[in-house]
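What follows is a set of notes on a single structure, which appears directly below.
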Amino acid sequence: MIKLRELWRGVRDFWRVGKTGFALFLISLFVLIYGYIALDYETTRGWKGHESVQNVLDDISNFIPVGAAIVGMIVGGIDLTMLLSDWYYDRREKRIRAAEAAAEAKGIAKGIAEGKAEGIAEGQAKVYREIADWYRRRREAAERGEEFSEPPPGVTQNGSE
């Protein structure tokens, strides 16, 4: 698959740079083939010298616009294929970028939710530890017979925090 992709890129690069040369080569090839056919036709009818040369050149000059039209259709078809290929490739890339952005946003939202849940759990564990420590200090003070006046954690004194 990768080698096919590299081949396709090579063809596309050639097409961008060498399209004119390719078109001229095809026109020349078609004219050469048609010229051979016209020459063969004149030879089978009987060669009449200068008149046969004029007939062959007349046939070739009449064929050049037809050959150019055929090559134009071939080149236009390839150009249309390249245009549709570019459109499809751009469309696919946009869909991939949109999916990546959506996945990233979903991942960020999931990360935020997990972070909040983890933060809440850590906060609750801290509060439970503070309450357990306070309760332990109160119980130790009661065992020693001392007065324990420390307020429980989370309870404000005089409206302060």
Side-chain angles (χ1 to χ4, degrees), residues 1-133 153-156 159-161:
M1 183 71 176
I2 293 175
K3 291 185 180 189
L4 183 63
R5 185 177 298 148
E6 291 172 8
L7 174 68
W8 182 243
R9 284 185 184 147
V11 168
R12 293 175 69 78
D13 291 342
F14 166 76
W15 192 252
R16 287 187 182 112
V17 175
K19 180 182 0 179
T20 304
F22 178 73
L24 290 175
F25 169 75
L26 276 182
I27 290 172
S28 301
L29 183 66
F30 287 168
V31 168
L32 184 67
I33 292 170
Y34 189 79
Y36 174 76
I37 293 169
L39 189 60
D40 186 50
Y41 176 75
E42 281 295 319
T43 308
T44 56
R45 279 187 40 197
W47 189 258
K48 297 178 188 97
H50 184 69
E51 183 180 336
S52 294
V53 171
Q54 283 182 326
N55 289 340
V56 169
L57 291 177
D58 185 43
D59 284 348
I60 290 173
S61 65
N62 289 333
F63 176 75
I64 289 174
V66 174
I70 292 170
V71 170
M73 287 187 288
I74 292 170
V75 170
I78 294 172
D79 277 343
L80 182 62
T81 302
M82 295 287 180
L83 179 69
L84 291 175
S85 173
D86 288 343
W87 173 77
Y88 177 75
Y89 180 75
D90 290 344
R91 186 171 157 234
R92 186 180 70 181
E93 287 297 316
K94 285 179 186 176
R95 286 194 338 241
I96 289 171
R97 283 193 298 271
E100 287 173 348
E104 183 178 340
K106 184 178 179 182
I108 289 172
K110 183 179 178 185
I112 289 172
E114 288 174 357
K116 284 181 181 179
E118 189 176 310
I120 290 171
E122 287 178 12
Q124 288 174 341
K126 180 180 175 187
V127 168
Y128 290 144
R129 279 192 304 271
E130 288 175 358
I131 291 173
D133 288 343
V155 177
T156 60
S160 66
E161 296 208 17

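Just so we're clear, the structure is a prediction, and the values are computed from it rather than from any experiment.
Within the structure, the salt bridge (charged side-chain N to carboxylate O under 4.0 Å, His left out) test picks out the following pairs touching residues 30-52 (sequence neighbours left out): E42-R45. Identified under the salt bridge (charged side-chain N to carboxylate O under 4.0 Å, His left out) test for residues 57-73, with sequence neighbours left out: none. Pairs of residues two or more places apart, or lying in two chains, that qualify as salt bridge (charged side-chain N to carboxylate O under 4.0 Å, His left out) and include a residue from residues 60-81 are K19-D79. For the side-chain hydrogen bond (donor to acceptor under 3.5 Å, both in side chains) condition, no pair includes a residue of residues 64-78, sequence neighbours left out.
Scanning for side-chain contact (heavy atoms from CB on, under 4.5 Å) contacts around I96 gives R92, E93, E100, with sequence neighbours left out. For I78, the side-chain contact (heavy atoms from CB on, under 4.5 Å) partners at least two apart in sequence or on another chain are W15, F22, I74, M82. Every residue two or more places apart in sequence or in another chain was checked for a ring-ring contact (aromatic ring centres under 6.0 Å, His included) with F30, and none qualifies. Applying the salt bridge (charged side-chain N to carboxylate O under 4.0 Å, His left out) test to D13 and every residue at least two apart in sequence or in another chain returns R16. Shown here are the side chain to side chain donor-acceptor pair (under 3.5 Å) partners of Q54, two or more places apart in sequence or in another chain: H50. Applying the side-chain contact (heavy atoms from CB on, under 4.5 Å) rule to V66 yields the partners F63, I70; only residues at least two apart in sequence or on another chain are considered. Taking the side-chain contact (heavy atoms from CB on, under 4.5 Å) definition, one finds that T81 meets it with nothing, sequence neighbours left out.
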Less than 3.5 Å apart, which donor and acceptor atoms pair up between the side chains of residues 102-122 and the rest of the protein, not counting sequence neighbours?
none

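Across every non-hydrogen atom of S52 and G46, the tightest pair is OG-O, 4.0 Å.
A distance of 11.5 Å separates CG in L39 from CG in N55, rounded to the nearest 0.5 Å. Atoms CG and CD1, on L32 and I27 in that order, are 13.5 Å from each other to the nearest 0.5 Å. Here the straight-line distance linking atom CG of L80 with atom CE of M73 works out to 14.0 Å at 0.5 Å rounding.
V56 places none of its side-chain heavy atoms less than 4.5 Å from the side chain of Y36.
In F14, the CZ atom is crowded: over 12 heavy atoms of neighbouring residues, nucleotides or ligands sit closer than 6.0 Å.
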